[in-house]
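Have a look at the structure below before the remarks.
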Amino acid sequence: MQPSPKNRAVIAAAGSRKTQYVIDEALGAQPEQRILISTYTRENCEQISRRLHRANGGLPPNVQVVSWFGLLMNQAARPYQSAVAGRIDYGRSLNFKPNPNQYARKDRPLSYYFDKSSNFYRNVLADFVVEADRRTRGRVIRRLERLYDAVYIDELQDLAGSDLHFLDLLFASKIPVTVVGDPRQSTYLTNNSNTNKKYRRGGIVDWLTERAGAKVCTIEERTESWRCNQAICDWADGLYPDLPRTISKNHTRTGHDDVVYLAHEDVPLYVEKFQPTVLRWNRSGNTLGLTAMNIGVSKGSTFDRVLIFPTQSIVRYLVSMDLDKLAARPHLYVAVTRAKHSVAFVVDRKYANYAPLAIAGTD
């Protein structure tokens, strides 16, 4: 790969407006520039589209928002599938399960890349794209160069496996590529392939650092949060002590601006007074009858206050503050950093540090 300052990587803390940065860049482009924005989850694609629509009065005709797998399948794999598969009637859809044939070989592409219904296996879709580009001597990437003048990839930390090999190809192309993400928010992975395993989740920073060292891209760190107050930033930073500290730009004071532990018995009074958004791990969690949102779905959202019903792993961390006792650090970071003003964890009375009298506002 040739050194290319056209490629940029933005590593940003929660609330640093990284997705807004992508939206602003797209809206600021010249009308004749063809812009692609891609991200892994459907929820984030829809959120970006809504924000573009709201800011522009409609989706700009020169901006296309597609999911990561939509990009890989429709714009890269399918047009050149015959180069690898030897036929054009495969790649109908995506099978999210791993290939059950652990002895499948790449030199037998129909059993390696596809299931019996001719669907791509998720884990090897990006590998298929890279192989197709190799066999066609770069036609996959040249096609993308004809389609787009700039590419933006949001939630970079979600990419895994051969996705990074495909990203290398994009970095080496003529297209200016901008990637944005937060290694602390890696609640999803596009696949669970062992390829590039060391770069999963937080390891994506090492992958970027290597490319910055080779002058393939530049790295910009954004450590300011416009969402969370400093108390929330400090608490969330404790989950990732090796990463840069976050500076809050939210200086609003409401009288309840902290991270607290709340007893189950005090939840009704707390909810009545503060009207927080309730977060849970999944639908099986007991939220005392309160309407709740799954933590994973909440990523990208902003709320005034959140009330979290923690898992046992999170409770063990709350009590000990020992990161070794925490099983899902990114999910906890996402949950806490959705809030602007306050975060409350629901715990047993013996662990609570927020008194009912404080909630009632009496002495």
Side-chain angles (χ1 to χ4, degrees), residues 1 38-42 66-144 153 155-173 179 181 183 186-208 210-211 282 296 327-331:
M1 292 180 293
S38 186
T39 187
Y40 173 35
T41 68
R42 183 182 296 109
V66 301
S67 70
W68 181 250
F69 284 136
L71 169 62
L72 290 177
M73 287 183 59
N74 299 326
Q75 304 295 4
R78 281 175 173 160
Y80 298 99
Q81 62 179 299
S82 62
V84 180
R87 48 197 303 173
I88 60 173
D89 56 344
Y90 271 55
R92 297 174 182 173
S93 187
L94 196 62
N95 186 335
F96 276 74
K97 296 179 180 179
N99 191 335
N101 182 4
Q102 59 179 318
Y103 300 110
R105 294 164 33 181
K106 289 183 68 171
D107 60 355
R108 297 178 179 174
L110 295 185
S111 61
Y112 183 80
Y113 292 110
F114 303 96
D115 66 14
K116 294 181 179 180
S117 299
S118 304
N119 301 314
F120 284 109
Y121 283 115
R122 173 182 67 161
N123 278 7
V124 291
L125 176 57
D127 181 77
F128 183 95
V129 171
V130 172
E131 181 66 10
D133 189 73
R134 184 186 70 82
R135 294 194 183 198
T136 60
R137 298 183 180 181
R139 289 178 63 187
V140 174
I141 294 300
R142 287 198 298 275
R143 180 177 188 274
L144 294 175
I153 299 170
E155 305 293 357
L156 171 69
Q157 73 278 354
D158 294 344
L159 304 190
S162 291
D163 290 336
L164 301 184
H165 294 156
F166 176 61
L167 190 52
D168 271 333
L169 293 179
L170 286 178
F171 275 173
S173 74
V179 297
S186 55
T187 56
Y188 298 110
L189 286 176
T190 51
N191 64 77
N192 56 8
S193 167
N194 285 327
T195 302
N196 288 321
K197 187 175 181 179
K198 67 178 180 178
Y199 297 126
R200 284 185 190 171
R201 304 193 187 279
I204 194 66
V205 175
D206 296 329
W207 186 87
L208 287 172
E210 291 172 8
R211 275 130 192 91
N282 57 33
R329 208 186 313 185
H331 289 77

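Between Y40 and F69, a ring centre-to-centre spacing shorter than 6.0 Å is recorded.
When the salt bridge (charged side-chain N to carboxylate O under 4.0 Å, His left out) test is applied to R134, the partners found at least two apart in sequence or on another chain are E131. Applying the salt bridge (charged side-chain N to carboxylate O under 4.0 Å, His left out) test to D133 and every residue at least two apart in sequence or in another chain returns nothing. Scanning for ring-ring contact (aromatic ring centres under 6.0 Å, His included) contacts around Y188 gives an empty result, with sequence neighbours left out. The ring-ring contact (aromatic ring centres under 6.0 Å, His included) search around F120 returns F114, F128, not counting sequence neighbours. Under the rule for a salt bridge (charged side-chain N to carboxylate O under 4.0 Å, His left out), K197 has no partner lying at least two apart in sequence or in another chain.
Using a 4.5 Å cut-off on side-chain heavy atoms (C-beta onward), Y113 and D127 make contact. For the pair L72 and R78, the minimum side-chain heavy-atom distance is 4.5 Å or more. Between K97 and Y121 the shortest side-chain heavy-atom distance does not fall below 4.5 Å. Residues L159 and W207 are not in side-chain contact: their nearest non-hydrogen atoms beyond the backbone lie 4.5 Å or more apart. Residues R142 and T136 are not in side-chain contact: their nearest non-hydrogen atoms beyond the backbone lie 4.5 Å or more apart. The shortest distance between side-chain heavy atoms of L208 and V205 does not fall below 4.5 Å. For the pair F171 and F166, the minimum side-chain heavy-atom distance is 4.5 Å or more. Put simply, the side chain of L167 reaches to within 4.5 Å of the side chain of V179, judged on heavy atoms.
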Worked check of side-chain contact (heavy atoms from CB on, under 4.5 Å) between L125 and L94: CA-CA 9 Å; L125 176 57; L94 196 62; 3.9 Å; yes
Check against side-chain contact (heavy atoms from CB on, under 4.5 Å), L164 and Y199: CA-CA 9 Å; L164 301 184; Y199 297 126; 3.7 Å; yes
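With S193 contributing its side chain and T195 its backbone, the two residues share a donor-acceptor pair below 3.5 Å. Listed for the S162 side chain is no donor-acceptor partner under 3.5 Å among the backbone atoms of H165. In this structure a side-chain-to-backbone donor-acceptor pair under 3.5 Å is missing from S118 to R92. Checking side-chain atoms of N191 against main-chain N and O of A160 turns up a donor-acceptor pair under 3.5 Å.
Annotation for G181 and Q157: closest pair CA-OE1, 3.2 Å, computed over non-hydrogen atoms. Heavy-atom minimum distance, G202 versus P183: CA-CB, 3.8 Å. Contact detail for R200 and N192: the closest heavy-atom pair is NH2-O, 3.0 Å. In this structure, I153 and L170 approach most closely via the heavy-atom pair CD1-CD1, 4.3 Å. The minimum heavy-atom distance between G161 and N196, with the atom names listed, is O-ND2, 2.9 Å.
The OH atom of Y90 lies 10.0 Å from the CD atom of Q81; values are rounded to the nearest 0.5 Å. Between H331 atom NE2 and T187 atom OG1 the span is 5.0 Å, to the nearest 0.5 Å.
Within a 6.0 Å radius of CZ in R135, more than 12 heavy atoms belonging to other residues, nucleotides or ligands are found.
Residues N99 and N123 have side chains that never bring a donor and an acceptor to within less than 3.5 angstrom of each other. Judged by distance alone, the side chains of T190 and D163 do bring a donor and an acceptor atom under 3.5 Å apart. A side-chain donor from one of Q75 and R143 sits under 3.5 Å from a side-chain acceptor of the other.
The salt bridge (charged side-chain N to carboxylate O under 4.0 Å, His left out) contacts involving residues 107-126 comprise R105-D107, where partners must be two or more places apart or lie in separate chains.
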